[in-house]
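Beneath this line is the structure, given in structure tokens, with notes to follow.
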Amino acid sequence: MKKVLFATSALVMSAGFASAEVAVSGDGRMGVIYDGNDAQFSSRARVKFTLTGESDAGLSFGGAFRVDQEDYNSDYRSAAKGTRGVVWISGTYGKLSMGDPVGAAEAAIGDLYEVGYTEGEFGGDIEEIGFLVGDGNNRDQGPTALYEYTINNISLYASMTDGVNTFGNAIFGSGTTVIDPETGLEVVTNTDSADLAYSVAAKYEGSNFWASLSYSKNGDAKEIGLGAEATFNNFAFKGVYMDYEDIALQYTAGLAASYQMDAILVKGFWRQDKWEEVTGDEKYDSFGIGADYDLGGGAVLAGGIIDTDYLDDTVVDFGVKFSF
Amino acid sequence: MKKVLFATSALVMSAGFASAEVAVSGDGRMGVIYDGNDAQFSSRARVKFTLTGESDAGLSFGGAFRVDQEDYNSDYRSAAKGTRGVVWISGTYGKLSMGDPVGAAEAAIGDLYEVGYTEGEFGGDIEEIGFLVGDGNNRDQGPTALYEYTINNISLYASMTDGVNTFGNAIFGSGTTVIDPETGLEVVTNTDSADLAYSVAAKYEGSNFWASLSYSKNGDAKEIGLGAEATFNNFAFKGVYMDYEDIALQYTAGLAASYQMDAILVKGFWRQDKWEEVTGDEKYDSFGIGADYDLGGGAVLAGGIIDTDYLDDTVVDFGVKFSF
Amino acid sequence: MKKVLFATSALVMSAGFASAEVAVSGDGRMGVIYDGNDAQFSSRARVKFTLTGESDAGLSFGGAFRVDQEDYNSDYRSAAKGTRGVVWISGTYGKLSMGDPVGAAEAAIGDLYEVGYTEGEFGGDIEEIGFLVGDGNNRDQGPTALYEYTINNISLYASMTDGVNTFGNAIFGSGTTVIDPETGLEVVTNTDSADLAYSVAAKYEGSNFWASLSYSKNGDAKEIGLGAEATFNNFAFKGVYMDYEDIALQYTAGLAASYQMDAILVKGFWRQDKWEEVTGDEKYDSFGIGADYDLGGGAVLAGGIIDTDYLDDTVVDFGVKFSF
């Protein structure tokens, strides 16, 4: 649940004033994971900031990041350095985001259904599709940009990196020798050319279904994605097919289904990955099933089971997750 | 002082709705520490998040951590990884906490009185009793669990770790070979059996006193604890005795007293530790005395003196501490 | 824009109660930097906490730090350890700050005008004057103290470090052997004498101008600073001259000017540094020019160009910056 802070400024009290705001929300979870050998406690608490504002001309802008996404000392994982969280601007022309947004393919297609109170983490997040652009890739290039535009039933997505690796704080040209104005010492600047990574996608939304198509390229590697989801009464079904070129992973095929019954939501997925390995091609199958029970007020009791060829053992989680 | 954020959602405005909230509070301090050789500036500012919610059936839940307790890159010290801060759920059956709570013994007995504006830190926190479970131990096992239950005048406490060291993010079984679904590379999972650490304690609370008993075990090491505190008029007295087995520390005995006079609070403690050393047994005595002067509005002027055999010099602090 | 959280406590509702508060504000930016070779995306999002309170006797106190200024694991860059952010107390006798405040010279003189949406960062913050005390120096000495006092048109500033390097958490005397009360192991304490760094400055403020003079010393290095700023109609001009002794940098001379025209603010600066190098003395010139366009509601469109002898290439930035 999102909380918006009241502002004491008199200006804010006047009607119609476009006020900039910082909202503070949070989440938490606690429970037990059985990893096939041991039962382990697993818990967490997180807080998220959502920044929103509006210009005089009605342009919306904002940003969002979690406390745990801020670690200034770690050069590439910091909202204050543009490699975590997101900043955006939005108007009639569409929405432009920068920072660590999802790539175009992921924005249009997304992942399979998460099971368990750790939302798939107990099984290595095997319900997550491996997108080539965004999705944790290319953070060494600094911020990624994502553009979204919706016209009637069609949404268009485009995302890209800037093709320049940025080591540390440096924002100067590659190979430039710089003298630090405070110490007088020569410093060789530390940026470097990288492969441009980009992704484009389109999504069609009907009344009770959507279908998406994506194309992504990251260096030599290519990815073509297809996704669709439909809802009938209390059922939802989703299918994803990703075809990869010039990486070891050949394809990923995935299906997911869910059934809502009052406060109970039952979810499951199947996924197959084909890998090109030295010893020949190999297929890996993964299955997951879980149930959520909504306790109200932001609390959900949840459990899941994941059986995947990537793990020797079947893994299980059971616990409660909260949103604040 | 704790601040609770207002929520703008219409739902929240409706009476009786159990709303989830994020409260933001803070503390600070500034002053000078004399370490026996030099006077040193010492200051800090911190912010704490307190998350609270209630399910439809009246179950309370929440979490709490400070900004400086979140450092995702450091594998074992992060509220987002369950090794800092705490998440809890509470109802008629008691309260269950997970994360980095105090152990059962510490919950029932606690430490001696803190002196000085740095609350004992200038003297190495020598007023803190060394509990075997929780209290900074066993964080490599991931979250610790603490259960508390109060019936009439008696409170029962039980805490335990899960007996599994968790390196980094891995939550899979020990020794399992995993293939990373995004890279296709084999990764040997990195969890490991550890000694289960647990602690149980009971506390009896009378009208102006309490007494507690605890038993803790961490690997081979054992700890039996006794604690009691009484208040008479403006005086408070506390005594703690901890008996250890199978570690170098043989016992810790401690006494503390305080006297409140209007805005002034005078506090002091004595502590003796007996160590088994190569050269024979050795006793270490520590003394501390200090005074707080409440300036109102969350500001307290405070100073303290600590003289301990653990330090060559008598150390002194003097400054002001704030709560927001 | 600063937001102050409402407090739910009934006490706070009562008139005249001096309440302690935590305000949450934020900023963000997104755009493109041309570093002379490549165009690069650059964005960020940040959140700041401002803590304020007042004692019963009317003494103000507070603190401030950003989320990205908190990194407890990094020993010397943490608001919770006093080496980032600031804590202060203020009354009729003046204002005393501790933590990581600017030094006296920087408080009185300041930097040249920032250009671009990254506020000079795209050109290595070359508009920033290199002050010897504060300004990122001496953080290994723990908190720095800054005292400010204003009487009529004259403001006086004094800042200093404590002359003691503090490694990690230790606050004991140098060379002391300590026994860790929890492990029983001997630990040699880790503090060390350092050069005291201090700075004093005075500022005279007239109706449309100010002039400042400063003297700073950090070990052998000395710095004498002169600064002045004047505003005429929509124009502002600033000049800074810093004379250094016993460091490689001989002097820094800087001029800055700005012109405000409705929502548009045009800014520029020139700066010359003279360095003593092995191959003889060398002068480095730097120029910057930029324009801000205020979109209202906390959004500003901005761009800048910096040409400096410290960089092989002319660098450019263009983007939008937000305050929340």
Side-chain angles (χ1 to χ4, degrees), chain A residues 5-9 18-22 24 49 51-57 59 61-65 67 70-73 78-82 85-89 96-99 141-145 161-164 166 171-184 191 193, chain C residues 1-6 24-33 35-47 66-71 73-74 77 118 121-122 124-126 128 130 135-136 247-249 273 275 277 284 295-299 309-313 315 320 322-324:
Chain A
L5 310 195
F6 278 70
T8 51
S9 152
S19 98
E21 292 175 326
V22 178
V24 184
F49 303 106
L51 319 171
T52 49
E54 196 180 306
S55 79
D56 289 349
L59 204 66
F61 56 86
F65 65 96
V67 177
E70 189 49 71
D71 179 11
Y72 199 76
N73 266 46
S78 162
K81 290 196 174 177
V86 79
V87 181
W88 53 266
I89 190 161
L96 179 66
S97 303
M98 218 179 255
Q141 292 194 27
T144 297
T161 62
D162 59 23
V164 184
T166 314
I171 43 182
F172 305 129
S174 346
T176 310
T177 304
V178 179
I179 293 175
D180 186 313
E182 300 212 357
T183 62
T191 55
S193 283
Chain C
M1 186 165 295
K2 202 167 91 172
K3 250 82 47 207
V4 175
L5 310 196
F6 278 69
V24 184
S25 58
D27 64 70
R29 67 190 190 198
M30 58 191 291
V32 176
I33 292 172
D35 66 10
N37 298 283
D38 309 286
Q40 297 183 38
F41 297 141
S42 177
S43 71
R44 76 175 180 198
R46 307 190 302 183
V47 160
R66 295 196 312 267
V67 177
D68 61 288
Q69 289 182 324
E70 190 47 73
D71 179 10
N73 268 49
S74 152
R77 305 296 293 274
T118 61
E121 224 176 87
F122 72 108
D125 282 324
I126 194 68
E128 291 191 8
D135 206 12
I247 56 167
L249 182 55
D273 305 313
W275 290 90
E277 297 184 353
Y284 287 83
L295 301 170
D309 291 341
Y310 291 108
L311 293 174
D312 292 347
D313 302 295
V315 291
V320 59
F322 311 122
S323 62
F324 304 94

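To find a chain, count down the sequence lines: A is the first, B the second, and so on, and within it residues start at 1.
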- Just give me the residue among A:Ala64, A:Gly82, A:Gly63 that pairs up with chain C most often, heavy atom to heavy atom, under 4.5 Å. A:Gly82
- Task: Provide the closest heavy-atom pair for A:Ala20 versus C:Gly297 in the form atom of the first, atom of the second, distance.
- Result: CB-O, 4.0 Å
- Task: Supply the atom-to-atom distance A:Glu70 CD to C:Arg44 CZ, rounded to the nearest 0.5 angstrom.
- Result: 10.5 Å
- Task: To the nearest 0.5 angstrom, please state how far the CG atom of A:Leu51 sits from the CZ atom of C:Phe322.
- Result: 10.5 Å
Are the side chains of [Y] and [X] in contact, using a 4.5 Å heavy-atom criterion?
| X | Y | value |
| --- | --- | --- |
| A:Ile89 | C:Val320 | yes |
| A:Leu96 | C:Met30 | yes |
| C:Leu295 | A:Asp56 | no |
| C:Phe41 | A:Thr161 | no |

- Applying a strict 4.5 Å limit to non-hydrogen atoms, the region of A:Phe61 in contact with chain C is both
- Message: Taking side chain as everything from C-beta outward and backbone as N, CA, C, O, which of these in C:Ala39 sits under 4.5 Å from a heavy atom of chain A? Side chain, backbone, both or neither.
- Response: backbone
- Task: Give the member of C:Gly28, C:Ser43, C:Gly296 that has the highest number of heavy-atom pairs under 4.5 Å with chain A.
- Result: C:Ser43
